[in-house]
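Here is the structure we will look at, set down as C-alpha cells.
For ligands, and for the atoms within them, numbers begin at 1 and follow the listed sequence. This one's a predicted model, so the numbers in the text were calculated from it and none came from an experiment.
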Amino acid sequence: EDSSCGNRALGRVRYGPVTELLSFVNEICSSQIDTGLSEEMGVLLNKTDMAILDGHYRTGLEVFLFPWKLTYRSYSSGHVPKGSFGAVHLAQDGETRKRMACKLIPLEHFKPADVEIQAMFRHENIAELYGALLWQQTVYLFMEAGEGGSVMEKLESCGPMRDFEIIWVTKQVLRGLEYLHSKDIIHHDIKPSNIVLMSTKAVLVDFGLAVQMTEEVYTPQDMRGTEIYMSPEVVLCRGHDTKADIYSLGTSIIHMQTGFPPWVRRYPPSAYPSYLYIIHKQAPPLEDIAEDCSPAMRTFLERSLARSPQQRSSAAELMRDEAMNPPREDQ
Ligand SMILES: Nc1nnc(-c2c[nH]c3ncc(-c4c[nH]c5ccccc45)cc23)o1
C-alpha cells in the first residue's frame, strides 16, 4: 500500500501511448497476467478526458455505463460466426462528464484485432479508441460515441432515407474507406449497423473483422462479414481485396434507399436460410435499387456493385462521382 495516501490500494489503470495499450491487450489475450484479479486493470490513451483516480477507473465510480437500446434484426442467418460481438453502452466519465461508447466483450471472445486497427489508424470517420480495461473476465473498450445511433436504427425507426441523407452518409463512409484502403485495410463488415451517426459526421465502427493486407490479394481462412451485404468474391473465398468493402457500401445504400437489404424481397428469408449461393450465382442485385433512384445514383450503384472487383470503382473514384455532388436544385 502507498503510505502517502493512507492505506488506499492503488489500482492498475494507467495512462499510456498506443504501444502500451497494444501490449496490454496482447498480455491479456496470452494470459501472461493474472486476469482473475478482482480489480480492474488497463490503459487509457493519453489526453482522452478520462479521469483515473489513484489507478482506478471503475464502472459506477469513476465512469458510469447506461445501456443503449441496440436492437437490429438480421435478415439472413445474420452474422457469419466470425462476426465480432459485444454489447455497446453509453458511458460517461464521472469527473469530466465526457460521453463515450463502451463495448463489453467477454475475455474469451476478445482478440487483439478488436482494437489494433482503431488504435493504430486514426481518422475522423473511424470511431476513435480511447482505452481498454479488463475487469472480471470482461474487456471494456471505450470509444468515440455516435449518439445519433446507427444507420440501422435510423432505418428501423424512420424507414427509407431521403436522397440528400443517403448522399451525406455515403460521403462520410467513402472518406473513411478511402483512408482505410490507402493503408491496405479491409473493414470486412460495412453495413448500416456499423455506420453510426453524430451531429456533424458519421463514423465506421466494429473493426473486429478488419485486416491489413500484406499482399495484393487477401486470402481468408474463413468467411468474414454479414452475408446479405457480402460481395461475390468474398463468398467464393478465393481471395479478395479492399473492393469488397465498396460492394458492401453499395448493398448498404440499397438498404438506405428502400428500407430493405438486397435480395430479401425477391428471396424471402423464410425460404432462403442462406444467401451465399444466390450472391454467387446471380448477377449483382441491381433489381433491388429503388424505383425512384436518380440516374446518377443508379450509375454510382452499378459502379459499386460491379461483379468483378477490378471493374468496381474505388472509394477515391466514387468520392468524385457526380452522384456525390448533385446540382443544388436536386437537394
Ligand atoms: N459494434 C460496435 N463496435 N463499436 C461500436 C461503437 C463505437 N462507438 C459507437 N457509438 C454508437 C454505437 C451505436 C450503435 N447502435 C446504436 C444505437 C443507439 C445508440 C448508439 C448506437 C456504436 C458504437 O459499435
Side-chain angles (χ1 to χ4, degrees), residues 21 25 42 44-45 48-50 59 63-75 78-93 98-107 109-133 138-159 161 165 169 172-173 176-177 180 185-211 224-226 229 245 248 252 255-256 261:
L21 183 134
V25 299
L44 303 184
L45 295 177
T48 53
D49 293 340
M50 299 162 84
T59 52
V63 66
F64 298 89
L65 297 191
F66 309 95
W68 257 325
K69 61 161 193 61
L70 280 192
T71 55
Y72 36 83
R73 286 187 303 279
S74 58
Y75 285 93
H79 260 301
V80 171
K82 292 297 292 176
S84 69
F85 44 93
V88 177
H89 293 66
L90 176 66
Q92 183 163 35
D93 184 281
K98 180 185 181 74
R99 294 159 68 90
M100 303 170 278
C102 183
K103 180 153 78 168
L104 279 62
I105 305 177
L107 180 57
H109 297 306
F110 179 75
K111 49 193 188 318
D114 285 322
V115 297
E116 280 166 349
I117 299 286
Q118 274 172 287
M120 292 190 287
F121 298 95
R122 295 162 57 126
H123 183 271
E124 65 161 1
N125 296 111
I126 291 173
E128 184 175 351
L129 180 73
Y130 297 142
L133 292 187
T138 301
V139 178
Y140 293 70
L141 294 186
F142 290 94
M143 293 173 279
E144 181 179 10
E147 299 208 38
S150 70
V151 168
M152 187 66 171
E153 259 83 20
K154 177 176 170 57
L155 287 166
E156 292 199 321
S157 44
C158 312
M161 293 162 60
E165 294 176 304
V169 167
Q172 304 283 321
V173 172
L177 288 181
L180 289 170
I185 293 167
I186 312 171
H187 179 282
H188 271 131
D189 208 7
I190 297 297
K191 57 180 179 178
S193 57
N194 280 341
I195 304 167
V196 298
L197 301 167
M198 299 167 186
S199 47
T200 58
K201 63 177 182 173
V203 301
L204 297 174
V205 299
D206 202 344
F207 288 78
L209 298 178
V211 294
R224 291 170 169 244
T226 305
Y229 305 101
D245 286 340
S248 300
S252 298
H255 197 158
M256 290 191 264

So does [X] pair up with [Y], basic N to acidic O under 4.0 Å?
X	Y	result
K103	D114	no
K111	E116	no
E128	R122	yes

For [X] and ligand 1, does the shortest N/O to N/O distance drop below 3.5 Å?
X	result
E147	no
S193	no
G146	yes

Checklist entry - Which one of I105, L104, T138 satisfies the side chain to side chain contact (heavy atoms under 4.5 Å, CB included) criterion with F110? => result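 Among the candidates, only I105 passes.
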Counting from 1, what ligand 1 atoms have a heavy atom of [X] closer than 4.0 Å?
X	result
V196	11 (C), 12 (C), 13 (C), 14 (C), 22 (C)
G149	16 (C), 17 (C), 18 (C), 19 (C), 20 (C), 21 (C)
M143	4 (N), 7 (C)
A145	10 (N)
A101	7 (C), 8 (N), 9 (C), 10 (N)

Item to check | Nearest neighbour of atom 7 (C) of ligand 1 from the list D206, V205, L197, on a heavy-atom basis | outcome: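 Comparing heavy atoms across D206, V205, L197, the nearest one to atom 7 (C) of ligand 1 lies in V205.
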For ligand 1, is any non-hydrogen atom under 4.0 Å from [X]'s backbone (N, CA, C, O), its side chain (CB onward), both, or neither?
X	result
S150	both
E144	backbone
V88	side chain

Do [X] and [Y] come close enough that some side-chain heavy atom pair is under 4.5 Å?
X	Y	result
I185	F121	yes
F207	I126	yes
L141	V115	yes

Next on the checklist: Please evaluate residues K191 and T226 with respect to the criterion side-chain hydrogen bond (donor to acceptor under 3.5 Å, both in side chains), reporting the C-alpha separation (whole Å), side-chain torsions for both, the decisive distance (0.1 Å), and the verdict.
Outcome noted: CA-CA 8 Å; K191 57 180 179 178; T226 305; 2.7 Å; yes
